[in-house]
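Computed from a predicted structure; not experimentally measured. Atom set for the values below is all heavy atoms of this structure, side chains included, hydrogens, waters and symmetry mates excluded. Chain identifiers are assigned alphabetically (A, B, ...) following the order of the sequence lines, protein sequences preceding nucleic acid strands; residue numbering begins at 1 within each chain.
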Protein chains: 2
Amino acid sequence: MSRPKAARVSMADVARLAGVSSQTVSRVANGHSSVVGSTRQQVLAAMKELDYRPNSAARALKSGQFRTIGVILFTLSSTGNSRTLEAIADHAALQGYAITLIPVAMPTQDSVLGAFTRLGELAVDGVIVIMEVHLLDAATVTLPPNVQVVVVDSDAGDRYTVVDTDQADGARQAVAHLLELGHRTVWHVTGPEESFASQRRAQAWRDTLTAAGRQAPPALHGDWSAASGYRAGLALADEPGCTAVFVSNDQMALGVLRALHERGRAVPADVSVVGFDDIPDAGSFIPPLTTVHQDFAEVGRRCVDGILRQIERGETAHGTALVPTRLVVRDSTAPPPADR
Amino acid sequence: MSRPKAARVSMADVARLAGVSSQTVSRVANGHSSVVGSTRQQVLAAMKELDYRPNSAARALKSGQFRTIGVILFTLSSTGNSRTLEAIADHAALQGYAITLIPVAMPTQDSVLGAFTRLGELAVDGVIVIMEVHLLDAATVTLPPNVQVVVVDSDAGDRYTVVDTDQADGARQAVAHLLELGHRTVWHVTGPEESFASQRRAQAWRDTLTAAGRQAPPALHGDWSAASGYRAGLALADEPGCTAVFVSNDQMALGVLRALHERGRAVPADVSVVGFDDIPDAGSFIPPLTTVHQDFAEVGRRCVDGILRQIERGETAHGTALVPTRLVVRDSTAPPPADR
DNA sequence: CTACGTAATGTTTACGTAAACATCAGCTCG
DNA sequence: CGAGCTGATGTTTACGTAAACATTACGTAG
């Protein structure tokens with residue numbers, strides 16, 4: 001505080017100008033109990049004249065609430081994360097809560113970690129964790145006590161409230177769509193192993209095939225990036241029996257499309273491709289991608305509602321709430337070549 | 001607070017257990033002045049035993065600093081915004097600052113607005129604005145006094161510290177690259193009019209053509225989305241003289257590629273396309289996109305450094321600092337058809 | 001007409017921290 | 001050998017707010 005920063009206006013200042021006690025100012029500010037009209041007007045006028053702004057630090061100190069929700073995540077580079085975050089921020093703002101971002105370094109590179117092992121002293125009433133909880137444990141971040149938690153992309157329903165997209169049903173729809181088109185089986189490109197979402201999608205892919213009496217080919221592994229999808233796509237292009245692929249997210253699907261294109265395998269004539277997420281760009285891929293739509297806005301809304309229910313009403317409803325998905329059929333899927 | 005929340009541990013509690021005064025605890029906590037080794041050890045032991053966590057509200061009230069930076073933006077859906085945000089969050093965490101997200105509704109839909117006209121009472125030492133300032137003005141958000149501001153994507157260098165990518169030079173490199181390949185002129189797809197970045201890129205595109213003695217064709221207008229790029233691409237496909245396009249971001253370029261593909265105009269054989277941003281997926285487009293690389297990490301770092309310089313050292317260095325760009329040449333550009 | 005209830009407002013206090021000031025013991029220097 | 005200094009620690013106070021309690025004025029029921 002090197003500079004003499006323009007004097008902060010406090011309730012006392014407003015009270016003095018309005019000729020009332022500071023408690024009355026507080027009452028007006030909070031719309032509490034009874035303040036007669038004329039007094040209220042005077043106070044409001046004084047507030048306006050002085051450009052009074054409540055001091056949130058003092059308020060938090062007194063009330064023990066920060067009206068702030070922390071969001072913990074590894075990265076914003078995945079479309080899903082950033083869209084969930086945006087939905088959370090929008091909905092929280094609507095409820096009068098602010099969002100504090102808590103980036104955590106990957107467990108491998110704990111350089112940055114120290115910075116927010118201090119998480120404990122964070123001014124936050126609750127935390128939304130957008131990642132598999134086991135990873136959080138591994139990251140040696142200690143969640144402070146008395147802080148409510150809601151988790152996305154995890155199976156920790158027994159320990160926390162979990163909000164998630166219905167990964168399994170989405171994957172089932174994708175595979176079923178391909179089978180209905182007449183494909184004998186469906187190949188699969190997974191996300192990173194740590195991702196619970198990826199695990200769920202892979203499991204449902206396998207289960208759906210099995211339930212239909214089909215043999216599941218070996219899964220190929222990616223890391224959510226388009227580049228990893230491209231590598232998987234090259235491998236798939238060399239599988240002559242491969243006529244249909246379910247890719248665990250749209251970005252990897254983009255890479256798969258490029259690999260197939262470069263290897264002269266036409267989509268959807270030779271190979272059908274289905275993605276997951278329905279990112280805004282998916283409709284502009286070549287060809288426009290058939291994919292499973294995730295309702296990120298709804299996920300965000302439920303996260304915020306869930307955490308607020310815990311914070312404001314003390315309800316601790318563990319368990320998992322699933323947000324439904326729906327298949328968006330575009331031009332990357334068609335019956336297998338043999339059928340035509 | 002419906003529940004009896006486990007009693008908060010304060011400095012006084014730690015002091016009692018350690019048999020010292022609370023001021024000594026404060027000194028240990030802040031590494032301040034002199035505390036003899038043995039005393040320090042006792043205090044640290046007591047802290048650990050009680051799982052003491054400093055109360056940031058009280059600290060903020062006392063010090064007048066929140067160790068928090070607010071980030072104001074319209075949306076996270078543009079890759080640029082979310083990557084800049086991520087870079088800001090990472091770098092801020094490194095410096096021991098937290099990030100508070102402040103989403104602002106578009107000026108058109110002021111429904112959400114009320115929620116954060118309360119911005120004034122926000123617990124924030126400084127604000128980074130990721131949008132054209134005029135839009136911020138239009139959004140009727142009043143920035144509180146005594147809050148430092150750094151701006152991205154704006155020309156308000158006279159009022160604020162502005163950090164930005166060197167848009168003009170990036171656009172110049174893109175156009176120069178196409179001219180060097182032998183194209184007679186270069187078409188252009190802009191971003192939304194309000195975007196300062198888009199304006200700068202368009203201006204530099206025009207200037208570079210003029211400087212080379214070429215005629216600039218009419219610009220086509222998009223809104224950063226792939227869908228808008230697709231529409232522009234359809235129009236371009238109908239221009240027989242069009243052999244080269246500079247698109248103002250990669251997402252729109254994706255749409256342009258699809259439109260050209262659907263109309264049978266081969267890229268890069270018939271038409272060359274250059275994008276802007278170098279999003280992670282750009283290398284997986286069909287064909288891999290030649291584009292202007294933006295160093296978002298550097299932008300984020302400079303934003304944080306700039307705001308911290310203002311907050312902690314009171315330096316108010318207005319003006320604009322430009323982060324250099326570089327052209328990444330991939331497979332979407334080639335000499336014009338006539339040359340071959 | 002008095003006693004008591006109620007609405008409106010004022011006064012006191014505590015939240016947890018850290019700056020400012022106070023105290024105290026031990027040590028150095030003239 | 002004592003004045004004065006230094007380093008270690010304790011005590012007081014203020015930050016801005018809001019809950020809890022206190023006071024005042026006024027109206028009404030008995």
Can you tell me which nucleotide in [options] comes closest to the side chain of [X]?
X	options	value
Val36(B)	dA8(D), dT11(D), dT17(C)	dA8(D)
Lys62(B)	dA19(C), dG10(D), dC15(C)	dA19(C)
Gln23(B)	dG10(D), dT17(D), dT11(C)	dG10(D)
Leu61(B)	dA18(D), dC15(D), dT11(D)	dC15(D)
Asn55(A)	dT9(C), dG16(D), dT9(D)	dG16(D)
Ser10(A)	dA19(C), dT9(C), dG16(D)	dG16(D)

Would you mind reading off the distance between [X] atom [atom1] and [N] atom [atom2], rounded to a whole angstrom?
X	N	atom1	atom2	answer
Arg59(B)	dC15(C)	CZ	C1'	16 Å
Met47(A)	dT17(D)	CE	C1'	12 Å
Asp13(B)	dT17(C)	CG	P	9 Å
Arg67(A)	dA18(D)	CZ	P	12 Å
Gln42(B)	dT9(D)	CD	C1'	12 Å
Arg16(B)	dT9(D)	CZ	P	20 Å
Met11(B)	dT12(D)	CE	P	18 Å

Does Asp305(B) pair with Arg302(B) as a salt bridge, N-O distance under 4.0 Å? no

If you measure from the Lys or Arg side-chain nitrogens to the Asp or Glu carboxylate oxygens, is any gap between Arg301(A) and Glu298(A) under 4.0 Å? yes

Shortest non-hydrogen pair, Val9(A) vs Leu50(A), comes out as CG2-O, 3.4 Å

Categorize Thr39(A) for me: base, sugar-phosphate, or nothing, with a 4.0 angstrom heavy-atom threshold over every strand shown. sugar-phosphate

Can you check whether Tyr97(A) reaches Ile307(A) side chain to side chain, under 4.5 Å on heavy atoms? no

At less than 4.0 Å, is any side-chain N or O atom of Thr24(A) found next to OP1 or OP2 of dG10(C)? Yes or no. yes

Between Ser22(B) and Ala58(B), which residue's closest nucleotide on DNA chain D lies nearer the 5′ terminus? Ser22(B)

Comparing Gly19(B) with Ser26(A), nearest DNA chain D nucleotide closer to 5' gives the residue Gly19(B)

List the steps and the verdict of side-chain contact (heavy atoms from CB on, under 4.5 Å) for Ser154(A) and Val129(A). CA-CA 9 Å; Ser154(A) 177; Val129(A) 179; over 6 Å; no

Let's test your reading of the model: under 3.5 Å, does the base of dG10(D) pair with the side chain of Arg27(B) as donor and acceptor? yes

